[in-house]
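In what follows, a structure is listed as structure tokens, so that the remarks can point back to it.
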There are 2 protein chains.
Amino acid sequence: MTKDVRKLKTERDIQRAMLQLLTTKNFRQMTVADICQASLTSRSTFYAHYLDKYDLLDQLVAKYQLIFTQKVHLRFEQMIAGEIDALVKGLLADMADNREAIRILFTVHEPAADLEAGFHDQLLAEWQRFIQEKSPTMTAPAELIAAMGTNVQMTVIEWALTHGDTSIDVVADAVNTIRGAVLRQIN
Amino acid sequence: MTKDVRKLKTERDIQRAMLQLLTTKNFRQMTVADICQASLTSRSTFYAHYLDKYDLLDQLVAKYQLIFTQKVHLRFEQMIAGEIDALVKGLLADMADNREAIRILFTVHEPAADLEAGFHDQLLAEWQRFIQEKSPTMTAPAELIAAMGTNVQMTVIEWALTHGDTSIDVVADAVNTIRGAVLRQIN
DNA sequence: AAGAAACTGTTGGTTTTCGAACAGTTAACG
DNA sequence: CGTTAACTGTTCGAAAACCAACAGTTTCTT
């Protein structure tokens with residue numbers, strides 16, 4: 001039923017290798033042979049696990065998209081109601097182990113596999129749902145406010161991914177002000 | 001002729017796992033099952049590579065001892081003649097990839113596998129050879145001065161292993177003074 | 001445009017790893 | 001003391017990974 005340990009290990013090695021390679025060269029110019037060389041796996045084994053490098057990227061993106069999906073839904077309420085410190089620190093804590101991987105994948109923008117876009121869409125859906133519940137009829141266009149809130153959050157997330165969780169305090173005040181302005185459009 | 005990649009990978013995984021476990025528990029209370037669990041290898045595979053955990057430790061120690069042996073002989077002359085900055089920075093550069101592993105192994109003191117003792121003996125032999133060449137007849141006992149020089153170097157090496165190469169400048173003056181005093185006994 | 005070089009995706013035979021089981025030893029515990 | 005429990009070291013069939021070779025495609029060079 002459960003997967004063979006060897007499969008888990010090779011998939012781990014291959015995924016790590018791809019992430020590591022993405023820091024050097026971009027996805028397009030990366031070959032399957034490169035990935036195999038970096039992960040110490042044979043090409044035949046690679047193709048036993050993935051259709052091609054696009055499939056590998058898909059699965060990587062899907063993996064972190066899933067983690068994000070699970071976390072975001074739980075934290076969304078407090079993300080917009082609470083202080084910005086709690087928001088970012090909570091998210092970073094959830095993703096501590098994966099921060100570097102997510103940061104790398106955010107640089108890849110393939111039509112069928114775009115983690116940054118995926119995060120964005122996910123947040124946007126949450127905002128639309130939130131606005132619909134809180135105030136179905138509001139003066140400002142709901143779509144605009146949802147997009148605004150989403151983009152503010154994405155900005156903070158990306159900032160935190162690259163700068164780490166220690167330097168949040170520097171920007172907390174500024175972001176809190178903006179967040180408050182967005183929320184006032186809804187209430 | 002050359003080893004199968006799978007063998008290299010499992011040995012790498014097992015060795016990494018043991019080093020990682022050594023940061024948690026000490027060597028005596030560590031079991032083969034622990035190592036296998038941490039490295040995601042089966043016990044039967046472990047025993048296909050090593051006789052037991054002592055054999056594994058032996059090979060780990062021997063590996064880093066060999067690296068040290070190769071580097072020390074090349075750098076010994078400049079280690080005692082040059083400035084202490086050059087000494088430590090040179091050594092650390094040589095061992096940059098292995099610093100963490102060596103630091104961990106320095107905490108293990110098994111009768112048959114003691115990296116710290118091995119480094120010490122290696123340096124002592126270099127000092128004895130050096131004194132014999134430079135001044136075969138000297139007033140102070142050669143053994144004492146060799147031991148002194150060795151211990152000074154070991155102190156610096158261990159300090160650098162734990163504190164990193166950035167903070168060498170802090171102690172450079174102090175160590176240079178001591179090193180000068182030791183060398184004056186020979187010349 | 002033609003040939004070379006590199007990359008893709010697949011196959012089959014060989015080697016390695018896995019997992020479960022086993023008896024024998026050591027450590028823990030009431 | 002005796003009885004569990006845990007650890008050691010070994011065996012063997014099944015599963016997975018390896019490598020080399022292959023034809024077909026794309027990319028580079030001249």
Side-chain angles (χ1 to χ4, degrees), chain A residues 1-63 107-113, chain B residues 1-63 107-113:
Chain A
M1 194 58 239
T2 57
K3 259 192 192 173
D4 193 301
V5 198
R6 287 167 288 185
K7 290 191 175 181
L8 294 176
K9 272 195 286 188
T10 56
E11 287 171 9
R12 176 201 63 185
D13 291 345
I14 289 176
Q15 294 184 3
R16 280 187 188 163
M18 161 160 259
L19 288 173
Q20 184 233 313
L21 280 177
L22 278 173
T23 66
T24 302
K25 51 178 70 177
N26 66 41
F27 179 73
R28 293 296 175 106
Q29 62 195 164
M30 172 186 313
T31 72
V32 173
D34 290 335
I35 301 168
C36 291
Q37 187 176 15
S39 61
L40 297 181
T41 53
S42 68
R43 281 193 318 120
S44 56
T45 302
F46 178 94
Y47 286 110
H49 289 264
Y50 305 100
L51 295 174
D52 46 37
K53 67 172 183 174
Y54 298 93
D55 183 37
L56 168 57
L57 182 65
D58 282 350
Q59 294 197 27
L60 259 181
V61 169
K63 172 181 168 182
T107 67
V108 181
H109 303 287
E110 293 296 318
Chain B
M1 191 62 237
T2 58
K3 261 190 190 172
D4 193 300
V5 198
R6 286 169 287 184
K7 290 189 173 182
L8 295 176
K9 271 195 286 189
T10 57
E11 288 171 10
R12 176 200 64 185
D13 290 346
I14 289 176
Q15 294 184 2
R16 278 187 189 162
M18 161 161 259
L19 288 173
Q20 184 233 314
L21 281 178
L22 278 173
T23 65
T24 302
K25 51 177 70 177
N26 66 41
F27 178 72
R28 294 296 176 106
Q29 61 195 163
M30 171 187 312
T31 72
V32 173
D34 290 335
I35 301 167
C36 292
Q37 188 176 15
S39 62
L40 296 182
T41 52
S42 68
R43 281 192 321 118
S44 56
T45 302
F46 178 94
Y47 286 110
H49 288 264
Y50 304 100
L51 294 175
D52 46 36
K53 67 172 182 175
Y54 298 93
D55 184 37
L56 167 57
L57 181 66
D58 282 350
Q59 295 197 27
L60 259 181
V61 169
K63 172 181 168 183
T107 67
V108 181
H109 302 288
E110 293 296 318

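Below, each value reflects all heavy atoms present in this structure, side chains not excepted, and no hydrogens, waters or symmetry copies. Residue numbering restarts at 1 for every chain, and letters A, B, ... go by the order of the sequence lines.
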ask   = Where the side chain of A:Thr10 meets the backbone of A:Arg6, is there a donor-acceptor pair that is under 3.5 Å apart?
value =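 It does hold such a pair.
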task = Verify, without hydrogens or angle tests, whether B:Lys53 (side chain) and B:Thr31 (backbone) share a donor-acceptor contact under 3.5 angstrom.
result = no
ask   = Sequence neighbours excluded, which residues qualify as salt bridge (Lys or Arg N to Asp or Glu O under 4.0 Å) partners of A:Lys7?
value =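 If we apply the salt bridge (Lys or Arg N to Asp or Glu O under 4.0 Å) test to A:Lys7, skipping adjacent residues, there are no hits.
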What's the separation between atom [atom1] in [X] and atom [atom2] in [Y], rounded to the nearest 0.5 Å?
X: B:Asp13; Y: B:Glu11; atom1: CG; atom2: CD; answer: 10.0 Å
X: A:His49; Y: A:Thr41; atom1: NE2; atom2: OG1; answer: 8.5 Å
X: B:Cys36; Y: B:Tyr47; atom1: SG; atom2: OH; answer: 7.5 Å

query = Just wondering, are more than 12 heavy atoms of other shown residues or ligands nearer than 6.0 Å to CD in A:Glu110?
reply =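 Buried by this count: over 12 neighbours within 6.0 Å.
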query = Distance check: side-chain N/O of A:His49 vs OP1/OP2 of D:dA16, anything under 4.0 Å?
reply = no
inquiry  = Taking 4.0 Å as the cut-off, does a side-chain nitrogen or oxygen of B:Thr45 come that near to OP1 or OP2 on C:dC18?
reply    =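 True: B:Thr45 side-chain N/O within range (under 4.0 Å) of C:dC18 OP1/OP2.
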message = How bent is the helix from C:dA1-D:dT30 to C:dG30-D:dC1, measuring the angle between the end axes built from five pairs each, rounded to 10°?
response =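 The helix from C:dA1-D:dT30 to C:dG30-D:dC1 shows an end-to-end axis angle of 50°.
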Rounded to the nearest angstrom, tell me the gap between atom [atom1] in [X] and atom [atom2] in [N].
X: B:Lys3; N: C:dT14; atom1: NZ; atom2: C1'; answer: 19 Å
X: A:Tyr54; N: C:dG9; atom1: OH; atom2: C1'; answer: 14 Å
X: A:Asp4; N: D:dA16; atom1: CG; atom2: P; answer: 5 Å
X: B:Gln37; N: C:dG19; atom1: CD; atom2: P; answer: 12 Å

Please report, to 0.1 Å, the donor-acceptor pairs under 3.5 Å made by any side chain of residues 56-63 of chain A, with sequence neighbours excluded.
from: A:Gln59; atom 1: NE2; to: A:Asp55; atom 2: OD2; distance (Å): 3.4
from: A:Lys63; atom 1: NZ; to: A:Gln15; atom 2: OE1; distance (Å): 3.3

From CA spacing to verdict: side chain to side chain contact (heavy atoms under 4.5 Å, CB included), A:Leu8, B:Leu40 = CA-CA 9 Å; A:Leu8 294 176; B:Leu40 296 182; 5.7 Å; no
request  = Walk me through it: do A:Tyr50 and A:Val32 pass the test side chain to side chain contact (heavy atoms under 4.5 Å, CB included)?
outcome  = CA-CA 10 Å; A:Tyr50 305 100; A:Val32 173; over 6 Å; no
inquiry  = Treating primed atoms plus P, OP1 and OP2 as sugar-phosphate and everything else as base, which nucleotides of nucleotides 7-13 of chain D get B, S or - for protein heavy atoms under 4.0 Å?
reply    = SBBBB--
Per-pair distances, 0.1 Å, donor-acceptor, side chain in residues 16-25 of chain B, under 3.5 Å, sequence neighbours excluded:
from: B:Thr23; atom 1: OG1; to: B:Gln20; atom 2: O; distance (Å): 2.5
from: B:Lys25; atom 1: NZ; to: B:Asp34; atom 2: OD2; distance (Å): 3.2

inquiry  = Among residues 5-29 of chain B, which ones have heavy-atom contacts with DNA chain D below 4.0 Å?
reply    = B:Val5, B:Arg6, B:Lys9
